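Letters A, B, ... mirror the listed sequences (proteins, then strands); counts begin at 1. This structure is a prediction, so every number in the text was calculated from the model and none was measured.
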Amino acid sequence: MDLNLTSEELQFRDELRSWLASNVPKDWNEWREKPIEESFPYLRAWQRKLQEGRWAAVSWPKEYAGRSATLMQQALFWEEMARVEAPPMANSLGLGLIGPTIIAYGTEAQKQRYIPKILSAEEIWCQGFSEPNAGSDLAGLQTQAVLHGDHYVVNGQKVWTSYGWVGDWCELVVRTDATAAKHKGLTVVLVDMKSPGVEVRPLRQMTGESEFNELFFRDVRVPAENVLGKVNDGWNVAMSTLMYERGSYGARLHLIFKRYITRLIELARNIQRNGRPAAQDPIIRQKLAQCSAEIEIMRFNQMRAFSRLTATGVPGPEGSIQKIFWSELNQRLQQIAQEILGSYGQLLAGDPRAIDNGMWSYAYLRTRGNTIEAGTSEVQRNIIGHFVLGLPRSY
Amino acid sequence: MQFGLSESQEFLKDSARKFFAGECPSAQMRRLMETDTAYDAALWSKLTDQGYTGIIFPEAYGGVGLGKVELMLLMEEAGRALLPGPFFATVVLAGSVLDSVCSPAHKQKYLAPICGGEARSTVAILESNASWNPRDIQLNAANGKLTGEKYFVSDAAIADFIIVVARNGVFVVNAKAPGLKISPMIAMDLTRKLYVVEFNNTPAEEIGAITGLARAFDVATAALSAELVGGMQRTLDITVEYAKTRKQFGKPIGTFQAVQHQCADMYLETESSRSAVYYAGWALEENSPDAAIAVSIAKMYASDAARTVGNRGIQIHGGMGFTWENDVHLYYRRAKGSETAFGDATFHRERIASMVIDAGGVAAKSA
Ligand SMILES: Cc1cc2nc3c(=O)[nH]c(=O)nc-3n(C[C@H](O)[C@H](O)[C@H](O)COP(=O)(O)OP(=O)(O)OC[C@H]3O[C@@H](n4cnc5c(N)ncnc54)[C@H](O)[C@@H]3O)c2cc1C
Ligand SMILES: Cc1cc2nc3c(=O)[nH]c(=O)nc-3n(C[C@H](O)[C@H](O)[C@H](O)COP(=O)(O)OP(=O)(O)OC[C@H]3O[C@@H](n4cnc5c(N)ncnc54)[C@H](O)[C@@H]3O)c2cc1C
C-alpha cells in the first residue's frame with residue numbers, strides 16, 4: 001500500500017494541470033445555468049480543444065488518440081477537471097461508454113469509421129437500452145430487428161434515452177432471435193439517428209428539463225455491417241457498456257461532492273438556527289461531519305477498487321458498491337442541504353431570493369434519479385448478493 | 001498510487017488469519033471468555049513467538065518495527081477471531097502510549113518486556129464521568145502518589161503494571177503497589193474484561209507528559225476500528241453461509257431479497273469500514289496532516305457499521321441468532337464495547353466537525 005503518487009502519475013497530473021491552466025475556458029460560469037440545448041455548441045468546442053491536447057479520452061489506447069491511462073490516472077484526470085471546474089464534454093456517453101465498447105468489440109472498419117468522430121464531438125452518441133417494458137430487466141427488451149438481405153429492419157421503442165435529442169448515432173440493443181432464451185437473442189447495432197423512421201420525442205423529467213427522450217423506430221433500415229460484436233451476442237456487448245458506466249462515475253464525484261459540502265458549511269455559518277449560526281447547532285454539525293466523512297470514504301473505496309481492478313483488468317461486480325454508495329450519499333447530502341437551507345431550500349432558479357441561484361433545489365430533485373439511472377439500487381444489491389456473495393438468485 | 005496490500009502485507013494478514021484460526025478457534029475463545037481474565041499464558045507465548053507483541057515497536061526494544069498498516073491488518077485478523085484477553089490493552093494501547101510518551105530508559109524498562117511477551121499491561125483513562133474528552137480527567141498525582149479511581153480499564157486484573165493518565169502526567173503503577181485495588185465491572189463483552197481501578201496513596205512513577213498521548217490514542221483508535229472490521233467480516237461470513245444453507249418455504253432464505261439486500265448492505269458497510277481503516281493506518285504511518293481526521297472517520301464509520309452489521313446478522317439468523325450458542329452475539333457484544341471505547345460515532349463526528357467546520361478543514365489528502 002502506497003498512496004503517494006508515482007512519478008508517472010505526478011508527471012501525468014502536472015502535464016494535465018499545466019495544459020488546463022492555459023486552456024480551460026474562463027467563461028463557463030456564464031453558460032452553465034443555460035439550457036443544455038443552448039450551451040451544447042460550447043461543450044462541443046470544449047471537447048474539441050481537449051482532443052487537440054489529446055485529453056478527451058485518456059483511458060483509450062494510444063492508437064485511438066488516448067493515453068492508455070491507468071485507472072489511477074483516469075481518477076486524477078477527473079479530479080483535475082473538477083478542481084478547475086472544467087465544463088463537461090459534449091459527447092460524454094460516446095467517450096465514456098460507447099467508444100470503449102466499440103474499441104473492445106468493433107471491427108477495424110467500425111473503429112476507423114466511428115472513433116475519430118466520437119473524439120471530435122462531430123457525432124454525438126446516445127445509449128438506446130431501456131424500453132417501456134424493459135428497464136431493470138433489460139434482457140426482456142422487445143425492439144425487433146429482422147434481417148432482409150444486407151440490412152436489418154428495426155421496429156420498436158426506447159425510452160429515457162439521454163442525449164437522444166442531439167444524438168447522431170445510437171448504440172441500440174435489439175432482439176434478433178425471438179425464439180432463443182431472452183439473454184441469447186440480443187444484438188447491438190449502431191444506428192444512424194437520421195435514418196428514415198427514427199422519431200425522437202422529448203421526455204420531460206421531474207426537474208422540469210428534458211435531459212432525455214423517447215425514441216421510436218418504424219421500419220428503420222440498418223446496414224448489417226453496423227452490428228457491433230457478434231449477432232445474438234448483444235447481451236455481453238451491452239454488459240460491457242454498463243460496466244464502464246458503473247465503474248466510471250465515482251472518480252469524478254469526489255471533488256464535486258466536496259465542493260457541495262464546503263459550500264454548505266459556508267452557508268451554515270451564515271444561516272441562523274435557534275439564535276446561533278447553523279454551523280454551531282450540534283445536530284447540524286453531526287450531519288455535516290457524517291457527510292464529510294462519507295465523501296472521503298467514497299473516495300477510499302474507489303481507490304481500493306481501482307487498485308484491485310488494475311490487477312484484474314476489467315470492471316467487475318464490485319462496481320455495484322460504488323454505484324450504491326455515491327448515489328445514496330448524494331441523496332443524503334442534498335437532504336442535509338435542505339435541512340440547513342430551511343424554507344429557502346425550495347426556491348427554484350429564477351427566484352431572486354433563491355440561494356446559489358436554485359442549485360440546491362435542483363440538486364435535491366435531480367438526485368432522486370441517481371438511485372435509478374445506471375441500474376437501480378435494488379438491482380445493484382441483487383448483483384452484490386448474487387455475484388459477490390454467492391447467494392442464490394432471487395428471480 | 002496503490003491502495004492495495006503489498007505482497008508482504010498480504011502475507012502478514014494471511015498468516016495472522018491462519019494463526020488465529022489454529023490457535024484461537026471459536027471453542028478456545030468461548031473457553032477463555034468463561035474465565036475471570038480471558039487470559040491464556042500459552043496463547044500469549046505463541047503470540048509472542050509470532051512477533052505480534054512487538055509488531056510496531058522499534059527493534060531496539062525487541063520490537064519488529066512494522067508499520068501502522070501492518071498493525072491494522074493484524075488487528076483485523078484478531079478481531080475476526082474475537083481474540084480474547086489483553087492483547088489490545090497491552091500491545092496496542094499500553095505499547096503505543098509508552099512508545100510515544102516516555103524516555104529510552106523507560107521504554108527499556110516497560111516497553112521491552114511487552115515486546116518480549118513477559119509483561120501484560122493496560123492504560124487507565126476514563127473516570128466515573130466516562131468522558132473521552134481529556135479535559136474531563138480529574139485524577140492528579142501529588143508527591144509521586146495517586147489517590148482516586150479509574151473506570152472501564154480493560155484487562156487490569158492481568159496487568160503487571162498499569163499506565164495511568166492523570167491531569168499532570170502519565171504514570172506507571174505496579175500491580176503490587178500498596179493502596180491499589182482492582183475490581184471487575186460486569187459488562188457485555190465477555191472476551192475483554194473491564195475493571196474499576198482504585199488508588200489510595202498509591203506510589204506512581206511518572207513516565208511522561210500527557211501531550212504525547214494524542215498520537216498514541218489515535219493509533220489505538222484506528223487499531224480498534226480495524227478490530228471491528230474483522231468482527232464485521234466474520235459476522236458477514238457466518239451470516240451469508242447461514243443464508244445459503246437455511247431453508248424456509250422450500251428455498252434457502254438467501255433467495256429472499258429482504259435477506260439478500262441486508263447481506264449486500266453488510267458487505268458495503270464492512271468494505272467501506274475497511275477502506276477507512278486502511279487509509280487511517282496509512283495516514284498515521286506517513287504522519288500525514290490529515291491523520292487525526294482520518295482516524296475519526298474510521299472510528300465513526302466502523303462504530304456505527306459494526307452495530308448495524310451485527311443487527312442484520314442476528315436478524316437473518318432468525319431464532320438461531322438469538323441463541324447463546326451462535327457466535328454472532330459475541331461479536332455484537334464486543335462491538336458494543338469497542339463502539340464506546342475511545343469515543344463513539346457521535347464523539348468522533350463532533351471531532352470531525354471541529355476540524356472541518358471550525359478549523360476551516362484539514363481535508364483528507366487529495367491526490
Ligand atoms: C436520469 C436518468 C437517465 C437515464 N438515461 C438512460 C439512457 O441514457 N439510456 C437508457 O437506455 N436508459 C436510461 N435510463 C433508464 C434507466 O436505466 C432505467 O430507468 C433503470 O434501469 C430502471 O428501469 P425502469 O425505469 O424500467 O424501472 P423498473 O425496472 O420497472 O423498476 C421499478 C422498480 O422496481 C425495482 N425492481 C425491478 N426489478 C427488480 C428486481 N429484480 N429486484 C428488486 N427490485 C427490482 C427497481 O429497483 C425499481 O425500484 C435513465 C434513467 C434516469 C432516471
Ligand atoms: C425471544 C423468542 C421467543 C420465542 N418464543 C417462541 C414460542 O414461545 N413458541 C414458538 O413456537 N416459537 C417461539 N420463537 C420462535 C420464533 O417464532 C421463530 O424464531 C421465528 O418465527 C423465526 O423462525 P426461525 O427462527 O426459524 O427463522 P427463519 O424462518 O429461518 O428465518 C431466518 C431469516 O430469514 C427470514 N425469512 C424467512 N422466510 C422469509 C421470507 N419468506 N421472506 C423474507 N424473509 C424470510 C426471516 O425474517 C429471518 O430474518 C421464539 C423466538 C424468539 C427469538
Measure distances from [X] to the heavy atoms of chain B and classify the residue's part below 4.5 Å as side chain, backbone, both or neither.
X        : result
A/Glu9   : side chain
A/Glu378 : both
A/Ser292 : side chain
A/Met303 : both
A/Ile265 : side chain
A/Leu288 : side chain

Under 4.5 Å heavy-atom distance to chain A, tell me which part of [X] shows up: side chain, backbone, both or neither.
X        : result
B/Arg274 : both
B/Thr346 : both
B/Glu286 : side chain
B/Val240 : both

Which distance, rounded to the nearest 0.5 Å, do you find between the CD1 of A/Ile340 and the CZ of A/Arg269?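 Those atoms lie 11.0 Å apart.
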Partner chain A: residue of B/Ala353, B/Ala243, B/Ala345 with the largest heavy-atom pair count (under 4.5 Å): B/Ala353
Option that, when pairs with chain A are counted at under 4.5 Å, heavy atom only, ranks first among B/Ile352, B/Val259, B/Asp265, B/Asp237: B/Asp265
Out of [options], which one racks up the most heavy-atom pairs below 4.5 Å with chain B?
options                      : result
A/Ile384, A/Ile295, A/Asp2   : A/Asp2
A/Asn301, A/Ile321, A/Val388 : A/Asn301
A/Ala305, A/Ser377, A/Gly385 : A/Gly385

Is there a donor in the side chain of [X] and an acceptor in the side chain of [Y], or the other way round, less than 3.5 Å apart?
X        : Y        : answer
B/Gln260 : B/Thr255 : no
A/Gln290 : A/Glu294 : yes
B/Asn287 : B/Arg215 : yes
B/Gln9   : B/Ser6   : yes

Would A/Arg393 and A/Tyr395 count as a cation-pi pair here, with the cationic atom under 6.0 angstrom from the ring centre and within 45° of the axis?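 Judged by the rule, A/Arg393 and A/Tyr395 form a cation-pi pair.
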Measure centre to centre between the rings of A/Trp78 and A/Phe306, then say whether the value is under 6.0 Å. no
Is the number of heavy atoms from other residues, nucleotides or ligands under 6.0 Å of B/Glu10 CD greater than 12? yes
Show me, pair by pair, the donor-acceptor contacts under 3.5 angstrom made by side chains of residues 245-252 of chain B, not counting sequence neighbours?
from     : atom 1 : to       : atom 2 : distance (Å)
B/Thr245 : OG1    : B/Glu241 : O      : 2.9
B/Thr245 : OG1    : B/Tyr242 : O      : 3.3

How far apart are the C-alpha atoms of A/Arg304 and B/Glu271, what are their side-chain angles, what is the distance that settles it, and do they pass the side chain to side chain contact (heavy atoms under 4.5 Å, CB included) test? CA-CA 10 Å; A/Arg304 266 182 74 219; B/Glu271 285 298 334; 2.8 Å; yes
